[in-house]
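A, B, ... follow the sequence lines: proteins, then strands. Residue 1 opens every chain.
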Amino acid sequence: MMRAAATLLLLATVATCGSPTAVADDVASTIDATLYLEKVKPLLARRCLACHGGLAQEAGLRLDTAALIAAGGDSGPAVIAGVHAESLLIARVADPEPASRMPPEGEGEPLTADEIAMLASWIDAGCSAPADEEPEADPRDHWAFQPRVRPELPAADEGTHPIDAFVNTRLAAAGIAPQPEAPRHVLVRRLFLDLVGVPPTADELQAIMSDHSSDWYEQLVDTLLADPRHGQRWARHWMDIWRYSDWWGLGDQLRNSQKHMWHFRDWIVESLNADLGYDEMLRLMLAADELHPRDLDRLRATGFLARNWFLFNRTPWMDDTVEHVGKAFLGLTTNCAKCHDHKYDPIGQADYYRLRAFFEPLHVRLDVVPGAADVAVDGIPRVFDALLEEPTYRFVRGNDSQPDTSQPLSPGVPALLAFDAIDVEPVALPKDAFEPARRPWVIETHLARQRAAVEQATTAGDAERIALATAELTAVERRAEAMQAAWAQADAAAEADRASLEEAAAVAARAAVRAEREVGRLKAWAAVAAFSGKLAEAAASQDAAAVAELEKQLTAAREKVEQATAAVEEPGESFTRFVGAAWTPTRFHHSGSDDPTLPFPEISSGRRTALAHWITDPRHPLTSRVAANHLWGRHLGEPLVATVFDFGRNGAAPTHPELLDWLAAELVDSGWSMKHLHRLIVTSAAYKRSSSLAGADAAIAADPDNRLLWRRTPQRLEAQVIRDCLLATAGQLDASLGGPSIPAGEQTASRRRSLYFWHSDISRNAFLTTFDDAGVKECYRREQSIVPQQALALANGSLIHEMAAAVADGIASTAGPATALSEPFVTAAFERVLLRPPSPEERSHCQQAVDAWQAAEPGVAADTLRARIVWALFNHNDFVTLR
Amino acid sequence: MPRDVTMPAAQLPRRRQFLADLGLGFTGLAAAAMLHRDGRAAGNSWAPPNGQPHFAPKAKSVIWLFMNGGVSHLESFDPKPMVTKYAGKSIADTPYAEVQNPEKLALERAPVPDANGLQRNTLFPLQVGFRKHGESGIEVSDWFPHTATNIDKLAVVRSMWTTDSNHGAQTQFHTGRHMLDPVQPTLGGWVHYGLGSLNDNLPQFISIGTREYWNRKDGHYLGPAHDAVPLRIDPANPLDFGRPQAAFAGDSQRIGFDLVESLNRLTDAEYPSDPATAARIDSYELAYRMQLSVPEVVNFADETDETKRLYGLDQPHCKEFAEQLLAARRFVERGVRFIQIQHGGGGAGAWDAHGGLKANHETLARAVDQPIGGLLTDLDRRGLLDETIVIFATEFGRTPGTQGSDGRDHHPFAFSVWMAGGGIKGGTVHGATDELGFHAVEDRHYVTDIHATILHQLGLDSHRLEVPGRKRLAIDHGTPIRAILS
């Protein structure tokens with residue numbers, strides 16, 4: 001203790017460093033403080049502070065200031081100034097015994113000899129450090145964890161858009177003049193590509209360019225937000241963030257995601273078009289099966305969770321779920337706490353598994369949809385709670401073969417975000433949720449299918465087919481009656497009713513059995529008839545061997561008829577039930593075949609509902625901020641918080657914290673209306689600015705990264721937008737809504753919007769991937785690379801050449817094909833592809849190219865030349881760029 | 001920098017980093033710029049790679065030969081006479097029963113439980129003889145005579161281990177991570193990310209041969225710009241989108257590219273000093289040259305007959321691999337950094353000899369051996385071997401015990417790889433397995449030690465390539481195998 005006090009005294013001396021006795025020391029301490037600031041402190045920050053700093057104080061020790069180092073922890077001072085050999089800090093980092101060395105084994109490599117020597121030299125020189133050292137802030141004080149309050153609007157001229165009030169205040173303070181508004185054609189292209197993802201037609205463009213009303217812009221915004229193509233455009237954004245994936249596996253074996261996952265995609269598109277609240281979307285994605293168990297449309301939303309399904313192993317499935325619920329909805333890297341406590345944020349390892357516990361009971365099933373009796377053909381992939389008693393354990397160092405079974409963990413959220421108690425209330429499900437065959441369309445679909453078969457047979461006039469189809473229809477009817485009778489019995493309230501209904505159910509079941517067996521008898525007869533026919537043929541061709549074989553088969557078939565005939569009259573009540581949903585079998589038990597079938601429980605745990613309510617509570621500090629940041633970033637090209645999935649202490653700070661909070665408040669207070677936020681953002685001056693650097697030398701010098709939004713940042717268009725624009729420009733885009741994903745083999749010929757292309761880890765479109773298509777496993781922001789492969793795809797791809805020819809022919813047919821390069825043609829081509837007329841220089845370059853082509857290829861056709869001009873415009877940087 | 005889109009340095013937006021990246025050739029504008037944009041670089045010393053090695057490199061290029069399915073180490077580079085001596089006996093009845101100690105088997109993680117990847121107890125005799133070769137006298141199986149001729153150029157590592165007992169181990173060998181763990185970039189992706197281009201006319205990271213679906217990407221979180229460019233040995237159509245439309249090729253296409261360039265330059269009036277436009281202009285010029293250069297590399301018309309015979313181009317049983325390796329040499333000659341060649345890819349992989357191992361391995365070895373011998377000889381005589389690392393690898397070994405009557409199962413506990421050239425010490429055997437070839441016991445190496453060795457020879461320190469927000473573990477980095485470096 002004496003020595004600790006002495007050390008502190010020494011530090012105090014250095015810190016004040018005005019003492020006349022310390023003049024000589026002063027010079028040395030300056031040097032040593034430099035060593036501390038440049039070497040010691042960064043090393044400690046990198047290797048030690050996660051456990052010995054503001055976030056955690058293992059063994060009572062903090063190493064975030066020199067004073068705290070000297071004060072030490074439970075074992076005493078960490079350093080003895082001047083004597084590294086007696087300093088615990090050195091002893092522990094240089095400990096040859098891995099069990100007692102710091103950092104602990106498995107949590108980081110040992111410090112290098114150089115690093116230890118550097119620490120020792122700092123200690124030997126007296127542990128000098130600057131006086132004004134601040135300890136690390138309490139992590140709970142981090143901005144993103146604070147309650148969100150609606151900030152007051154900064155003072156601004158009347159009529160200033162609220163967003164600009166925030167932005168302009170910062171610009172004015174920095175003395176930066178923003179760029180002027182972009183020209184109208186640029187604004188129109190921005191709005192169309194941003195809000196609906198395709199350019200205007202020539203007529204639309206002309207109408208907008210000649211619209212003299214003062215609110216043409218606002219009107220256009222409203223029109224585009226009401227356009228069904230808006231949902232398609234923004235669905236692709238959310239499909240990136242929510243990790244949309246079609247199913248994939250080895251050959252035909254489903255291993256990841258689910259069949260028919262496109263229902264989830266269509267739910268996103270429809271919800272966006274209907275402006276369903278962001279909070280409601282999240283609630284449905286997490287818990288529609290508990291909140292709306294009877295509503296197939298809403299159940300589609302749980303595809304978000306079903307997408308994480310993995311055939312062989314539970315843990316990666318759960319890990320993906322926890323990680324991406326954290327990143328996508330909360331901007332929290334909860335995944336960093338899988339193996340150890342989070343190194344930056346107050347999330348303990350147990351918190352990770354408490355979050356997992358919300359999802360622990362999950363399994364996936366396909367629900368029968370009207371019109372498709374077989375879930376192999378169609379069905380809604382959705383989640384349900386199957387394992388109500390399944391415990392959740394913390395895995396030691398994240399290793400799933402080492403569960404800590406001493407302490408099962410219940411669902412919960414990190415303490416710092418627990419603004420309210422998490423109430424998990426089990427949900428009693430309606431009968432048709434856990435007995436989905438009760439849904440009326442299940443039986444109706446079977447009946448309709450069988451009636452159609454009878455009709456077809458009747459049309460064909462084939463008596464045998466008619467008889468069989470009719471018998472099959474009868475069997476479906478009897479089975480339906482039997483199931484209904486059984487339900488009536490089960491549902492009967494009074495004991496007396498049940499007794500009488502029991503007899504009715506038994507009668508109906510016997511009738512169903514008989515009807516099914518009648519079908520069997522007819523099929524057996526059909527087999528006899530078939531063999532008889534073949535036998536006659538064989539006999540006619542005198543094929544003795546075939547005759548012998550067929551006689552044997554015929555005898556066997558006749559025996560079957562006898563058995564089937566006898567069976568019809570045998571008693572029995574076990575008939576084939578209709579299936580309303582099929583569990584997607586897993587293979588967790590390593591048996592080489594599917595795990596035993598899981599039943600559908602009558603209750604759901606209610607865990608995910610509780611989680612959903614917590615996430616979408618308006619008081620949650622993160623959810624609305626994260627959503628507003630996603631929306632802003634995708635409109636402006638740059639989010640306010642650059643690390644869109646990490647709002648924690650290791651993430652980036654917001655460039656405009658108040659604007660972010662204001663946008664989040666607008667989102668929540670508008671009923672979480674995304675269209676409200678879209679409208680707000682795109683009507684701001686910040687959105688409308690020119691992206692040009694012309695005349696902006698001062699702004700460039702002051703803020704080269706445009707953090708203060710003095711101009712629009714140009715964006716390279718996303719892959720899907722580029723392809724959709726190619727098709728739309730040629731008038732060939734099929735903008736129809738919804739349906740199964742288009743497999744790779746059909747994509748070349750397809751004219752559908754690109755969001756409908758198959759998108760899985762093993763099958764993505766080559767043209768789209770060239771332009772940085774979303775990664776299937778994770779894509780919170782698209783990349784905007786510029787690589788030569790993109791040039792090749794646009795220069796040589798057959799789609800571009802087809803579309804260029806179509807555009808050129810389309811223009812020529814209206815503007816007149818007189819010469820290869822009439823002025824109206826060039827103007828129309830520029831307006832069609834780039835939405836602006838050409839300059840005289842551009843015109844002249846086009847003419848020069850045409851001259852060169854004609855010289856190189858005498859007699860080259862005029863339509864070829866026109867198509868090449870359009871090709872060149874498709875390859876123009878402005879075509880793939882949002883200026 | 002692009003030729004004549006100039007701006008005063010002081011006025012450059014920070015996005016000029018995008019353009020610095022373009023100096024990396026086909027890397028283009030990728031993850032580095034992305035991270036820069038994210039602001040993750042702010043506040044610490046992180047900067048994206050500048051294309052320069054971290055220290056003096058010993059090698060410039062890598063030819064990565066990967067045998068899909070799992071080559072039996074016992075029938076290639078790690079002879080174990082005891083396996084034959086005790087053939088037919090259960091391992092438990094041999095003096096080496098200890099190899100099946102459950103603690104030693106615990107490193108295995110089976111992500112795809114099927115009928116394979118199990119313990120095989122009855123020892124299956126070696127299916128081929130071994131002979132000593134070269135001055136080093138290293139034993140090589142008789143199925144690899146041409147490789148054996150070059151043995152003094154090779155360092156054979158007999159003590160490899162991995163953890164995946166199924167074919168996800170293919171990914172694991174390329175990325176260092178088990179398929180149930182969050183995926184990491186492959187070695188080729190890291191090399192592409194870390195090193196600049198030696199030839200702007202060619203992609204710097206090429207993939208040849210079929211890749212199974214779990215192993216089809218490289219860049220992962222570094223971005224798709226660091227995925228290998230798939231390439232076919234077909235001069236008429238070697239590259240996706242690499243072939244001009246027939247009616248718009250040659251001079252006509254050049255005029256078209258010139259028009260695109262001049263139209264892009266004209267935007268400078270309205271959008272002066274725009275780095276993205278400049279990058280786009282550059283990318284078109286590079287694309288134009290790439291489209292011309294690549295077919296020339298996979299066209300062997302200017303190779304002598306002697307060279308073609310050396311690789312085995314005239315032998316139907318090995319022609320396909322011979323063409324791939326000759327192309328690899330031609331790419332290396334022209335400065336391509338990383339050529340990744342998958343042999344027997346598709347499904348589990350051709351080398352996956354659960355049954356009929358003898359016929360399977362004999363045929364496949366014949367398909368690869370002469371081309372490999374030819375490649376080593378050819379690189380050497382052209383003076384290219386000194387600066388080119390050739391690696392022969394596979395995802396795991398095969399069990400000493402028999403599966404069925406005549407096969408071997410997956411074996412993650414021990415397998416062999418070899419490397420040559422680029423400062424690797426030839427005529428070396430490193431590490432050893434036990435008497436049954438069951439466990440790697442001496443100088444054990446996890447797959448990332450191979451990565452670390454290759455990066456080290458290329459002058460890269462993987463720790464310095466680490467990307468903020470993407471924590472890598474010590475085992476992801478691995479440690480260079482210094483004992484095989486000259």
Side-chain angles (χ1 to χ4, degrees), chain A residues 109 248 250 312-313 315-316 587 590 592 642-643 646 650 652 691-694 697 700-701 704-706 714 716 761-762 766 769-770 772 777 783-793 795-798 801 839 841-842 845-846 849 852-853 856-857 864 868 871-872 875-878 881 883, chain B residues 10-14 18 26 28-31 34 37-40 42 110-115 180 183 213 216 223-225 229 239-245 247-248 251-252 255-260 262-264 266-267 270-274 276-277 279-280 283-284 286-287 290-291 469 474:
Chain A
E109 291 160 72
W248 52 286
L250 182 60
F312 294 116
N313 192 309
T315 292
R587 293 194 167 193
H590 297 196
T643 50
D646 186 2
N650 194 37
S691 67
S692 174
L693 294 169
D697 293 359
I700 293 172
D705 291 337
N706 188 31
R716 220 265 347 268
D761 207 40
I762 63 171
T769 42
T770 305
D772 308 304
K777 291 186 170 164
E783 290 198 44
Q784 299 182 24
S785 72
I786 301 177
V787 295
Q789 287 90 333
Q790 293 164 358
L792 290 177
N796 296 335
S798 57
H801 286 271
S839 67
E841 291 84 1
E842 286 170 327
H845 278 284
C846 291
W853 278 318
E857 304 162 72
T864 302
R868 287 177 184 176
W871 169 91
N875 279 277
H876 197 294
N877 185 52
D878 283 357
T881 306
R883 284 289 193 188
Chain B
Q11 286 189 11
L12 278 171
R14 182 122 68 84
F18 276 27
F26 291 86
L29 306 181
M34 177 82 181
R37 197 183 67 174
D38 274 3
R40 286 215 176 229
V112 179
D114 56 19
L180 294 183
V183 71
Y213 76 85
R216 232 172 249 171
V229 174
L239 200 62
D240 285 345
F241 303 116
R243 184 169 55 169
Q245 297 285 313
F248 194 45
D251 286 350
S252 300
I255 294 165
F257 270 68
D258 289 344
L259 174 60
V260 171
S262 52
L263 292 176
N264 278 331
L266 287 173
T267 62
E270 199 175 347
Y271 298 99
S273 309
D274 177 33
T277 308
R280 178 80 46 202
S283 76
Y284 270 75
L286 294 172
M290 175 151 84
Q291 162 202 277

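From A/Asn796, atom CG reaches atom CG of B/Asp240 across 11.0 Å, with rounding to the nearest 0.5 Å. Separating the CG atom in B/Leu239 from the CD atom in A/Gln789 is a distance of 7.5 Å, to the nearest 0.5 Å.
In this structure, chain B has a heavy atom under 4.5 Å from the side chain of A/Glu109, while its backbone stays farther away. For a residue to count as touching a neighbouring chain, one of its non-hydrogen atoms must lie under 4.5 Å from one of that chain's; by this rule B/Thr267 touches chain A with the side chain only. For B/Leu266, the part sitting under 4.5 Å from any heavy atom of chain A is the side chain, from C-beta outward, and nothing else. Residue A/Glu857 touches chain B through its side chain alone, counting heavy-atom pairs closer than 4.5 Å. Of the atoms belonging to A/Asn313, it is side-chain heavy atoms, and not backbone ones, that fall under 4.5 Å from chain B. Residue A/Thr864: no heavy atom, backbone or side chain, is found under 4.5 Å from chain B.
In this structure, B/Tyr271 has no ring pair (Phe, Tyr, Trp, His ring centres under 6.0 Å) partners at least two apart in sequence or on a different chain. By the ring pair (Phe, Tyr, Trp, His ring centres under 6.0 Å) test, B/Phe248 pairs with A/His801, A/Trp871, sequence neighbours left out.
For the options A/Ser839, A/Ala849, A/Cys846, heavy-atom pairs under 4.5 Å to chain B are most numerous at A/Ala849. The candidate with the highest count of non-hydrogen atom pairs below 4.5 Å against chain B, out of A/Gly797, A/Ala793, A/Ser691, is A/Ala793.
Closest heavy-atom contact between A/Leu792 and B/Gly242: CD1-CA, 4.4 Å. In plain terms, the two heavy atoms of A/Ala791 and B/Ala287 that are nearest each other are CB-CB, 3.5 Å. A/Ala872 and B/Leu263 get closest at one heavy-atom pair: CB-CD1, 4.5 Å. What you find for A/Ile786 and B/Ala276 is that their closest heavy atoms are CD1-O, 3.7 Å.
In this structure the side chain of A/His845 reaches within 4.5 angstrom of the side chain of B/Leu259, judged on heavy atoms. When side chains are defined from C-beta on, A/Ser692 does not count as touching B/Glu270, because their heavy atoms never get closer than 4.5 Å. When side chains are defined from C-beta on, A/Arg883 counts as touching B/Asp274, because their heavy atoms get closer than 4.5 Å. Contact of the B/Ser283 side chain with the A/Gln790 side chain is not registered, since no non-hydrogen atoms from C-beta on lie closer than 4.5 Å.
Although no hydrogens or angles enter the test, the distance criterion places no donor-acceptor pair under 3.5 Å between the side chain of A/Asn877 and the main chain of B/Asn264.
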